[in-house]
Amino acid sequence: MKLNIGGITEAGQSKKNLTGSWRYQIPVIDQDKCNGCGICELFCPDSCIDINNGRAVIDDTYCKGCGICVKECSRDAIVMQPEGDG
Amino acid sequence: MSKYPVKNREIMQGSIAVAETIGALEPGVIGVYPITPQTHIVEHLARLVANGAINSRYINADSEFSAASILYGAASAGVRSYSASSSQGLLLMTEVIFNMAGTRLPGVFSAVNRSLSPPINIQVDHQDTMTLRDSGLIQIYVENIQEAVDTHVQIYRIAEDREVLLPAMVCMDGWIISHAYEPVTLWQEDAVKEFAGSYDPPFKVDPRKPLTYGALTDDDKITEFKYMVDSALCRTENKIVQAAELFREEFGNFHGDVVEKYYTDDAKIIIVAMGSVVGTIKEAVDRMRAGGKKVGLLKIRSFRPFPAAAVRELLSGAEMAIVVDRSFSASAGGILGSEIKANLYHQNGPVLFNYIAGIGGRELYPHSIMEIVQESETAFSKDCVPDGAVFFNLNEELL
Ligand code: SF4
Ligand code: SF4
């Protein structure tokens, strides 16, 4: 592999960076409380939340487990749950 | 009829001559924010655009940071671009200029040299541009209005060369060059455009073919990216020499390539300097030569890339080298002086004197230069050469 000048690369390289591997806890959505308002979708720094059929859905390939969505949800519909060895 | 592509020759102000030259080059994008003493250049360009004389897109930015960012954007889209600034405005551009060099985007800047605040001062010294020296930016310092004009004609083909692709700055002393009136030759638009060539970078921003600029790079590749900037700037030295030679052939003027020598061949004492003071030093050299003193001048035209080989070669035969610096790195001496000194280490070269002079527009006359030479000769003969740089004409009564 040779480096391009100026660090200019094909678009979409960040997809190769699987930020889900950084996670030790995962947000879980309470489907009864969630009203699909989309606030968590806006605030997720990894853009890994989608609103699907009126409910938030998290892509665990890229969710890095930061917990921002938990803080931002005004309906307390998200909680963090430990994963793996913690 | 001149055999060269002369458009007209008239007495004009430095800023207007530079603006007319940029107008002849007609860059696609001009991104600017006014600051004294650079303002006349961008005002005149605004006039050219408003009158329909040139077709450039003229963008009034909300700061120098934005003005430089506009050049970043234009260059990444494959569009030739131009800006001008001075002093604190150049400092505000610094972050973007490092980005342009690292991303290999060749916008061109005119830097109209002015002292840095505080205290506020609008007169010339080189502290503003010298502070940008580590960015990867090409910097050429010019001596007079004609050299400013001719260097702007040369600079685009240097910066936009596929082996270079770096931002470039033509540094011209505030007031002494920007606001003075001299007889100037302006060149025909088609000749100037042909000399500059076209800008055809390997990558261009295109919504149909997205690219990532400014990606994150870890320690496994970052040294290599920095090395690539360093070697591109080193390669630039040859391009500057070639552009100067080609310009001499096609336009008939020559102001030096990376350096210019003036009576250096048999000189025992060589003065080293850049910018408008070079003209004053030439006059002082003539007067001293008339008195039988073997003195010469080495003008540094390209400060970045630094012409290390030329400096070593030209200074090696002298007994004394006297560097007149218009900027300094606090506690470490004159900036040009330090770099010349570093290049002479282990070279068995001349004894080096470094004067910090002409700060904030303090006038340097031919007799000031002769005084500097006299003082250095006395110190040399008494074997009491100062360890570091000397502030010339320091008024102790004020301290
Ligand atoms: S912020 Fe809460 S309620 Fe709104 S979509 Fe996200 S999880 Fe659902
Ligand atoms: S934990 Fe962080 S990364 Fe994961 S979904 Fe919530 S905001 Fe996004």
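Letters go in sequence order (proteins before strands), and every chain restarts at 1.
Contact tally against chain B (heavy-atom pairs below 4.5 Å) for A/I8, A/I5, A/N17: the top residue is A/I8.
In A/E10, the CD atom is not crowded: 12 or fewer heavy atoms of neighbouring residues, nucleotides or ligands sit closer than 6.0 Å. In the displayed structure, B/N55 atom CG is contacted under 6.0 Å by at most 12 heavy atoms of other residues, nucleotides or ligands. The number of heavy-atom neighbours closer than 6.0 Å to CD of B/E194, taken from other residues, nucleotides and ligands shown, is 12 or below. Within 6.0 Å of CZ on B/R235 lie more than 12 heavy atoms contributed by other residues, nucleotides or ligands.
Note: B/M228 CE to A/N4 CG = 7.5 Å, rounded to the nearest 0.5 Å.
Contacts between residues 89-109 of chain B and chain A, defined by a heavy-atom separation under 4.5 Å, are made by B/G102, B/T103, B/R104. Contacts between residues 59-70 of chain B and chain A, counted as heavy-atom pairs separated by less than 4.5 Å, involve no residue at all.
For the ring pair (Phe, Tyr, Trp, His ring centres under 6.0 Å) test, residues two or more places apart in sequence or in another chain that qualify with B/Y141 are B/H126.
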Show which side-chain atoms of residues 36-46 of chain A pair as donor or acceptor with protein atoms under 3.5 Å away, not counting sequence neighbours.
unit_1	atom_1	unit_2	atom_2	d
A/D46	OD2	A/K64	NZ	3.3

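Residue B/L165 touches chain A through its side chain alone, counting heavy-atom pairs closer than 4.5 Å.
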